[in-house]
Amino acid sequence: EPEVTQTPSHQVTQMGQEVILRCVPISNHLYFYWYRQILGQKVEFLVSFYNNEISEKSEIFDDQFSVERPDGSNFTLKIRSTKLEDSAMYFCASSRLANLETQYFGPGTRLLVL
Amino acid sequence: DQQVKQNSPSLSVQEGRISILNCDYTNSMFDYFLWYKKYPAEGPTFLISISSIKDKNEDGRFTVFLNKSAKHLSLHIVPSQPGDSAVYFCAASVTGTYKYIFGTGTRLKVLA
């Protein structure tokens, strides 16, 4: 069964550094998302992306964040100048155009900012 | 701003019995709801969904009930199995947006 994959599984970075989290959505999916879950808290929506554009974003998704689909398979989340509070599990998800309501999640990248 | 609430952080059920997980929401604009299951170190896995035009949706051992007037939904798992032990999240959205608002999760433990 096809699944969303994410790399790396864990990332440790120093405060102020830039990180890029990578996702490979399911191949026939065209809508992509990033969510995050700070330890002990709920899963929070960050951004949705379709047709090379951001469709929606939350108030968390400020200028520090950007998303890109650099090629036909990858979907990336860049965090510029990371802060301690960016430490979280970041989940990528994707969905088919015919069934946008059902989002399939990747295993997540655990980001730790020191 | 807790638009989606799961008031029970944990639930223990004997194998073979029914598990009932509850979720309340405050935003009357929500019209699509999903349940996800999450194991440690994995991403959420889609379980079942329901649109606001329905009050029940069933898929195998999983049934979701929606009570719009009470702004309440529940997930029933019958019979519960040890492999069902996980954290269950409900999520809600407004049609036309795909920004899901998640609850805080309920940790289900099914005892053998």
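Letters go in sequence order (proteins before strands), and every chain restarts at 1.
- Counting heavy-atom neighbours within 6.0 Å of A:Lys57 NZ, excluding the residue itself, gives a total of 12 or less.
- Clustering ILVMFWY residues whenever any of their side-chain heavy atoms sit less than 4.5 angstrom apart, transitively, puts A:Val43 in a cluster other than the one holding A:Ile60.
- Neither the backbone nor the side chain of A:Ser48 comes within less than 4.5 Å of any heavy atom of chain B.
- If you measure heavy-atom distances from A:Gln103 to chain B, the contacts under 4.5 Å come from both the backbone and the side chain.
- Comparing A:Glu56, A:Glu3, A:Gln41 by heavy-atom pairs within less than 4.5 Å of chain B, the highest count is held by A:Glu56.
- Within a 6.0 Å sphere centred on CZ of B:Arg107, heavy atoms belonging to other residues, nucleotides or ligands number 12 at most.
- Contacts of B:Tyr36 with chain A are made by side-chain atoms alone, with heavy-atom separations under 4.5 Å and no backbone atom involved.
- You'll find the ring centres of B:Tyr100 and A:Tyr33 outside the 6.0 Å limit.
- Atom CZ of A:Arg80 has more than 12 heavy atoms from other residues, nucleotides or ligands within 6.0 Å.
- Residues from residues 104-114 of chain A that place a non-hydrogen atom less than 4.5 Å from a non-hydrogen atom of chain B comprise A:Phe105, A:Gly106, A:Pro107, given in numerical order.
- Your options are A:Thr102, A:Val4, A:Leu46, and the one with the most heavy-atom pairs under 4.5 Å with chain B is A:Thr102.
- Heavy atoms only, all atoms of each residue included: A:Tyr35 and B:Lys99 are closest at OH-C, 4.5 Å.
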